[in-house]
Amino acid sequence: AVAAVAKSGVVSAEGKEEAQATLTAAEELRSRVAELYDALEGHVGPPTADQRQQVEYYPKVLSDIDARVKRLEAHT
């Protein structure tokens, strides 16, 4: 939905910019979660402090992205 908004002619230039920024953030989060998953899968022992911090932080980022998507959907 966000990619469609980013490319559509329905929203303002500012809306397109926000949609593109949201899409970029979602793609970055997906990449980081995949990297973390791979690191945890190959890790022996408990997660490192950095890995635990990422496990706690990424759901907050996802929540922010979800809120941004809902705002974008409300303006289309």
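Both backbone and side-chain heavy atoms feed into the values below; hydrogens, waters and symmetry mates do not. For the single chain, residues carry numbers from 1 onward in sequence order.
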When rounded to the nearest 0.5 angstrom, what is the spacing between OH in Y57 and CG in D50? 12.5 Å
Quick check against the 3.5 Å criterion: does S63 have a side-chain atom that pairs as donor or acceptor with the backbone of P59? no
Here the salt bridge (Lys or Arg N to Asp or Glu O under 4.0 Å) pairs for residues 51-63, sequence neighbours left out, are none
More than 12 heavy atoms from other groups under 6.0 Å of OH on Y58: yes
CD1 on I65 to OG1 on T24, rounded to 0.5 Å: 10.0 Å
Partner set under side chain to side chain donor-acceptor pair (under 3.5 Å) for D66, not counting sequence neighbours: K70
Atom of R68, atom of A25 and distance for their closest heavy-atom approach: NH1-CB, 4.0 Å
Any side-chain to backbone donor/acceptor pair from S31 onto E27? Under 3.5 Å, distance only. no
Would you find more than 12 non-hydrogen atoms of other residues, nucleotides or ligands less than 6.0 Å from Q51 atom CD? yes
Using residues 32-44 as the side-chain source, report each donor-acceptor pair under 3.5 Å to any protein atom, sequence neighbours left out, with the distance given to one decimal.
{"from": "R32", "atom 1": "NE", "to": "E28", "atom 2": "OE2", "distance (Å)": "2.6"}
{"from": "R32", "atom 1": "NH2", "to": "E28", "atom 2": "OE2", "distance (Å)": "3.3"}
{"from": "H43", "atom 1": "NE2", "to": "P46", "atom 2": "O", "distance (Å)": "2.9"}

Nearest-0.5 Å distance that lies between atom CD in Q53 and atom OG1 in T48: 9.5 Å
